[in-house]
There are 2 protein chains.
Amino acid sequence: MQRPAELDLPGVTPSRQKRSRETTAALLQVGAEMLRTHSLAELSIDALCRQVGATVGAFYSRFESKDAYFNALIELAARDGGSRLSRMREDRRLTEADLAELSRLLVRGTIGWIRNHEGVLRAALQHDDTRPDRWSTFKGLARANVADATPILLSAMGRGNKAAKTRAISFGFQVVLGTLVNAILNDPGPLSIHDREIEARLANCLLLLLQAEMAAPAARSSRGRKKQLRRSQG
Amino acid sequence: MQRPAELDLPGVTPSRQKRSRETTAALLQVGAEMLRTHSLAELSIDALCRQVGATVGAFYSRFESKDAYFNALIELAARDGGSRLSRMREDRRLTEADLAELSRLLVRGTIGWIRNHEGVLRAALQHDDTRPDRWSTFKGLARANVADATPILLSAMGRGNKAAKTRAISFGFQVVLGTLVNAILNDPGPLSIHDREIEARLANCLLLLLQAEMAAPAARSSRGRKKQLRRSQG
DNA sequence: AAATAATCATAATCGTAATTCGGATTATGG
DNA sequence: CCATAATCCGAATTACGATTATGATTATTT
């Protein structure tokens with residue numbers, strides 16, 4: 001999944017010999033895999049090492065702590081996401097596509113990445129513990145994704161009302177990502193993250209939100225129609 | 001928030017005196033409140049009891065374990081959700097409303113419930129630990145919600161294509177609930193669960209999904225338009 | 001090949017918070 | 001008021017897994 005690239009991560013002892021580089025890589029790889037079916041709490045260092053064919057001693061000579069280990073997993077997933085974004089920026093297809101096609105491509109790309117890192121992502125979402133919110137790394141990635149997509153989508157959405165359209169785009173991604181997050185965390189149905197259909201459905205959902213904004217009355221307060229709710233309720 | 005109704009829950013020792021009924025209620029109430037700002041792991045029995053003005057001994061004479069305690073919190077939130085559903089079933093407004101109004105009412109009701117139980121819900125979502133998925137209780141509630149709403153929405157969506165429309169409704173709720181789950185768990189922005197605007201936006205999103213299905217070509221395979229994606233991608 | 005550094009193995013430690021236990025204390029019924 | 005059960009107290013126990021310590025291996029260098 002991830003090439004044995006050089007890891008230089010806080011809490012990860014740099015390897016000076018091939019052997020240790022391999023155990024580091026194996027620990028990361030196997031751990032990410034185990035997280036597909038176990039929570040982080042359930043993944044004990046001992047069990048992990050047994051799977052890998054290493055020992056806790058080896059683990060601790062590579063990683064400062066379980067915490068640092070998990071951070072490394074997160075960082076790797078995030079880096080992979082970052083490189084996906086880079087590739088996207090250079091993708092000629094995006095500048096030529098219409099709005100429907102763009103929605104499809106953007107949603108599909110995101111889903112692919114999520115599927116690739118399902119275990120680590122779920123673990124990062126759950127992670128009760130402490131404060132410095134592990135998920136924040138991915139929040140940044142999501143923001144970058146939206147930031148990248150926004151100008152492209154805007155140019156496919158025609159002139160005028162840029163601010164309102166930008167908000168619609170942001171909200172559209174909030175909806176798409178929210179649905180996906182819930183899918184990997186709870187698999188609530190009807191569609192699972194692994195269903196083919198979820199791609200088309202979500203892409204269409206995004207498209208509808210964007211089209212609705214394009215069709216919205218251009219008066220000041222472009223969301224006038226949506227603000228009809230006044231009545232209160234218990 | 002929850003009246004001192006009789007609790008009869010597995011793992012909760014039935015109270016035979018007023019005093020203990022009060023400590024049980026206080027422990028549940030204060031704990032639910034503390035979970036708004038702390039994770040379940042961070043909520044130690046000791047800290048909880050200090051807040052309540054009780055002792056761990058009292059806690060364990062009321063609850064079998066921390067686990068049972070948390071289950072009780074979940075059950076209470078779920079019961080409250082259930083009674084919201086009951087109220088909804090008898091609400092005359094729903095039979096008269098049009099689709100837009102229905103979307104608003106349904107979404108608003110759900111959001112209200114979520115806000116009321118934000119802490120417990122977040123904790124249930126995170127909860128690394130063990131298997132029998134704590135969230136499943138809420139999954140059942142969500143299913144019941146969809147089951148209740150479906151016939152009402154169907155009748156507001158006109159004749160024909162009932163199967164496709166039902167799928168659209170299910171997916172619509174998946175999207176709405178997913179967005180809300182992500183909002184309480186990660187608050188990814190732009191809209192937080194506490195923003196007024198999220199109600200209108202999500203209601204509109206649901207409406208758009210349903211309207212799109214109504215407008216879909218009525219041929220067999222009513223989602224023909226959405227299934228245009230054929231090309232593969234790396 | 002010896003010396004030195006890096007890595008690994010294994011068995012102890014340690015920390016943390018849940019849980020238990022043996023009395024106090026408080027309520028209830030006669 | 002007394003007897004009895006229910007509840008509460010809080011220090012000690014326990015469980016569990018991360019972490020550390022120490023001593024082997026294995027690689028690198030000269």
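So that the names make sense, note that chain A is the first sequence line, chain B the second, and so on, each numbered from 1. The basis for the numbers below is simple: all heavy atoms, side chains too, and nothing from hydrogens, waters or symmetry mates.
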>> Whole angstroms only, please: what is the CG-P distance between Asp46(A) and dA11(C)?
In response: 11 Å
>> Rounded to whole Å, how long is the line connecting atom CG of Asp67(A) with atom C1' of dG17(D)?
In response: 15 Å
>> Rounding to an integer number of Å, can you tell me how far Phe70(A) CZ sits from dT19(D) C1'?
In response: 19 Å
>> Between P on dA18(D) and CG on Leu48(A), what's the gap in Å once rounded to a whole number?
In response: 10 Å
>> Below the 4.0 Å mark, does dA6(C) have OP1 or OP2 next to a side-chain nitrogen or oxygen of Ser15(A)?
In response: no
>> Less than 4.0 angstrom between a side-chain N/O of Tyr60(B) and OP1 or OP2 of dT19(C), yes or no?
In response: yes
>> Looking only at the side chain of Val56(A) (C-beta and beyond, no hydrogens), which of the listed nucleotides dT7(D), dT10(C), dA6(C) gets closest?
In response: dT10(C)
>> Is there a side-chain contact between Ser20(B) and the phosphate of dA6(D), meaning an N or O under 4.0 Å from OP1 or OP2?
In response: no
> Can you tell me how far C1' of dT20(C) sits from NZ of Lys66(B), to the nearest Å?
Replying inline: 17 Å
>> Between P on dA5(D) and NZ on Lys18(B), what's the gap in Å once rounded to a whole number?
In response: 22 Å
> Are Arg167(B) and Glu197(A) within salt-bridge range, i.e. N to O under 4.0 Å?
Replying inline: no
>> Check this for me, if you would: do Glu22(A) and Arg62(A) make a salt bridge, where the nitrogen-to-carboxylate-oxygen distance has to be below 4.0 angstrom?
In response: no
> Between Arg19(B) and dT7(D), is there a side-chain N or O to OP1/OP2 distance below 4.0 Å?
Replying inline: no
>> On DNA chain D, compare the nucleotides closest to Ile45(A) and Gly57(A); which residue's is nearer the 5' end?
In response: Ile45(A)
>> Heavy atoms from C-beta onward define the side chain here; which of dT28(D), dC8(C), dA18(C) lies closest to that of Gln17(A)?
In response: dT28(D)
> dT7(D), dG17(D), dT19(C): which one has an atom nearest the side-chain heavy atoms of Arg16(B)?
Replying inline: dT7(D)
> Between atom CD in Glu42(A) and atom C1' in dG17(D), what is the gap in whole Å?
Replying inline: 14 Å
> Does the pair Arg143(B)/Asp148(B) count as a salt bridge with the N-to-O cut at 4.0 Å?
Replying inline: no
> Would you call Arg134(A) and Asp67(A) a salt bridge, taking side-chain N to carboxylate O under 4.0 Å as the test?
Replying inline: yes
>> By the 4.0 Å heavy-atom rule, please label Thr55(A) as base, sugar-phosphate, or nothing.
In response: base
> With respect to the side chain of Ala58(A), which nucleotide from dA9(C), dC8(D), dC9(D) is positioned closest?
Replying inline: dA9(C)
> Atom CD of Glu22(A) and atom P of dA27(D): how far apart are they, to the nearest Å?
Replying inline: 10 Å
> Are Arg62(A) and dC8(C) close enough that a side-chain N or O sits under 4.0 Å from OP1 or OP2?
Replying inline: yes
> Under 4.0 Å between a Lys/Arg side-chain N and an Asp/Glu carboxylate O for Arg87(A) and Asp91(A)?
Replying inline: no
>> Both Ala54(A) and Glu64(B) contact DNA chain C. Which one's nearest nucleotide lies toward the 5' end?
In response: Ala54(A)
>> Under the criterion side chain to side chain contact (heavy atoms under 4.5 Å, CB included), I'd like the reasoning laid out for Gln126(B) against Leu40(B): C-alpha separation, chi angles, the key distance, then a yes or no.
In response: CA-CA 8 Å; Gln126(B) 289 181 328; Leu40(B) 185 62; over 6 Å; no
>> Can you tell me if Thr23(A) touches the phosphate of dC8(C), counting only side-chain N or O atoms and a distance under 4.0 Å to OP1 or OP2?
In response: yes
